[in-house]
Peer 1: 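Quick one: the structure is below, questions incoming.
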Amino acid sequence: MFITFEGIEGCGKSTQAELLCRALEQTGIPSLLTKEPGGTRIGAQIRKILMATSNRELFGPAELLLIQADRAQHVAEVIRPALERGILVICDRFSDATVAYQGYGRGLDMELINRLNHYSSQGLKPRCTFLLDCPVEIGLQRAIQRNKDHQKQAEGRFEQEDQEFHERVRKGYLRLADKEPSRFVILDGTKEIQALAQEILSITQRLLEERR
Ligand SMILES: Nc1ncnc2c1ncn2[C@@H]1O[C@H](COP(=O)(O)OP(=O)(O)OP(=O)(O)O)[C@@H](O)[C@H]1O
Ligand SMILES: [Mg+2]
């Protein structure tokens, strides 16, 4: 089973993805936690280019293609092989992020994005996508604080975008969720970390039971 986490900067994706992975391991369900961009050795190099605060001149189409290159490598090298071995894969951001950020956020050609997503992911779709929705101010504040605490200011290229950009991304995600209600679970990202983790774990367990 393939599960993804989506949402704006600082909404809590990495926190929840890690908690879910740990909880599943404890119940004896083998799972793999991975992320985009940067889920492979080559992807880590692409991630540096994408996240570098100093790369201000990175052109939108170049950004889109770097993200797709990262995904193509990631699906082929990590996600597909794990799924084929029956491992549950949890991915921190996937194709929906490209629709939300480069499509709704940057205004790039949506049809092209969908085609590239299909190409780079080999047509792979998540069974379930947890969308952690939260106000832009809250998410950005959390992300900026976290970057400060963990000396990650050099990776803040997206955090630097203006408020309207992040608002478009947030709305884009909600629109995506509207279009595919059977795949998306929208959660209130302002709730407590443990309460959210509990909700996410029980939904995942229910999906696993459905498969038996
Ligand atoms: N529900 C929550 N309530 C309060 N703080 C939270 C919550 N979830 C996460 N945080 C904190 O907010 C910060 C950002 O969380 P996290 O790194 O998980 O977000 P993210 O969605 O992965 O961000 P990014 O898009 O930048 O990768 C962290 O310091 C985390 O501890
Ligand atoms: Mg994260």
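The basis for the numbers below is simple: all heavy atoms, side chains too, and nothing from hydrogens, waters or symmetry mates. Just so we're clear, the structure is a prediction, and the values are computed from it rather than from any experiment. Order of appearance sets the numbers: ligands from 1, and atoms from 1 within every ligand.
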Peer 1: Which residue and non-hydrogen atom of the protein lie closest to atom 15 (O) of ligand 1, and at what distance in Å?
Peer 2: Thr15 OG1, 3.7 Å
Peer 1: Between Ile46 and Phe158, is there shared hydrophobic-cluster membership here, with clusters defined by ILVMFWY side-chain heavy atoms closer than 4.5 Å?
Peer 2: no
Peer 1: According to a hydrophobic-cluster definition based on side-chain heavy atoms being under 4.5 Å apart (Ile, Leu, Val, Met, Phe, Trp, Tyr only), do Val169 and Ile113 belong together?
Peer 2: yes
Peer 1: Between Glu164 and Arg168, does at least one N-O distance fall below 4.0 Å, as a salt bridge requires?
Peer 2: no
Peer 1: Could I get the full list of salt bridge (charged side-chain N to carboxylate O under 4.0 Å, His left out) partners for Arg157, not counting sequence neighbours?
Peer 2: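 Scan of Arg157 (salt bridge (charged side-chain N to carboxylate O under 4.0 Å, His left out), adjacent residues dropped) gives Glu63.
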Peer 1: Considering the Mg ion (ligand 2), could you give the total of protein N/O/S atoms lying closer than 2.8 Å?
Peer 2: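 Atoms of protein N, O or S type lying less than 2.8 Å from the Mg ion (ligand 2) total 1.
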Peer 1: Note the single closest protein heavy atom to atom 7 (C) of ligand 1, along with its residue, its atom name and the distance in Å.
Peer 2: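 In this structure, atom 7 (C) of ligand 1 has Ile193 CG1, 3.4 Å as its nearest protein heavy atom.
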Peer 1: Give the residue, atom name and distance (to 0.1 Å) of the protein heavy atom nearest atom 21 (O) of ligand 1.
Peer 2: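 Ranking protein heavy atoms by distance from atom 21 (O) of ligand 1, first comes Lys13 NZ, 2.7 Å.
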Peer 1: Does a sphere of radius 6.0 Å around CD in Gln122 hold more than 12 heavy atoms from other residues, nucleotides or ligands, not counting ones at 6.0 Å or beyond?
Peer 2: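 Atom CD in Gln122 is packed in, count exceeds 12.
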Peer 1: Among all protein heavy atoms in this structure, tell me which lies nearest to atom 22 (O) of ligand 1, with the distance rounded to 0.1 Å.
Peer 2: Ser14 OG, 2.8 Å
Peer 1: Can you pull out the closest protein heavy atom to atom 4 (C) of ligand 1? Residue, atom name and distance to 0.1 Å, please.
Peer 2: Arg142 NH2, 3.6 Å
Peer 1: In this structure, are over 12 heavy atoms from other groups packed under 6.0 Å from Gln160 atom CD?
Peer 2: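 Yes.
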Peer 1: Does the side chain of Glu167 come under 3.5 Å of the side chain of Gln163 through a donor N or O and an acceptor N or O?
Peer 2: yes
Peer 1: Return the residue, atom name and 0.1 Å-rounded distance of the protein heavy atom closest to atom 1 (N) of ligand 1.
Peer 2: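 Looking at atom 1 (N) of ligand 1, the protein heavy atom closest to it is Lys191 O, 2.8 Å.
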Peer 1: List the atom pairs, with distances to 0.1 Å, where a side-chain N or O of residues 25-32 and a protein N or O form a donor-acceptor pair under 3.5 Å, not counting sequence neighbours.
Peer 2:
residue : atom : partner : partner atom : Å
Glu25   : OE2  : Ser31   : N            : 3.2
Thr27   : OG1  : Ala23   : O            : 3.4
Thr27   : OG1  : Leu24   : O            : 2.9

Peer 1: May I have the list of side-chain donor-acceptor pairs in residues 148-156 shorter than 3.5 Å, sequence neighbours left out?
Peer 2:
residue : atom : partner : partner atom : Å
Asp149  : OD1  : Gln145  : NE2          : 3.0
His150  : ND1  : Arg146  : O            : 3.1

Peer 1: Does ligand 1 have an atom that lies less than 4.0 angstrom from a heavy atom of Arg93?
Peer 2: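 It does; at least one heavy atom falls under 4.0 Å.
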Peer 1: What do you reckon, does Gly10 have a nitrogen or oxygen under 3.5 Å from a nitrogen or oxygen of ligand 1?
Peer 2: yes
Peer 1: So, 4.0 Å and heavy atoms of Gly7: is ligand 1 close enough to count as a contact?
Peer 2: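 No.
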Peer 1: Under 4.0 Å between a Lys/Arg side-chain N and an Asp/Glu carboxylate O for Glu9 and Arg93?
Peer 2: yes
Peer 1: Side chains of Arg183 and Thr129: is there a donor and an acceptor less than 3.5 Å apart?
Peer 2: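 Checked: Arg183/Thr129 side chains pair up, N/O donor to acceptor below 3.5 Å.
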Peer 1: Output the list of atoms in ligand 1 that are nearer than 4.0 Å to some heavy atom of Gly189, sorted by atom number.
Peer 2: 1 (N)
Peer 1: Taking distance alone, with no angle check, do Gly12 and ligand 1 share an N/O pair under 3.5 Å?
Peer 2: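 Yes, Gly12 has an N/O under 3.5 Å of an N/O on ligand 1.
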Peer 1: Please determine if Arg146 has a nitrogen or oxygen closer than 3.5 Å to a nitrogen or oxygen of ligand 1.
Peer 2: yes
Peer 1: Other residues, nucleotides and ligands only: do more than 12 of their heavy atoms fall within 6.0 Å of CD on Glu199?
Peer 2: yes
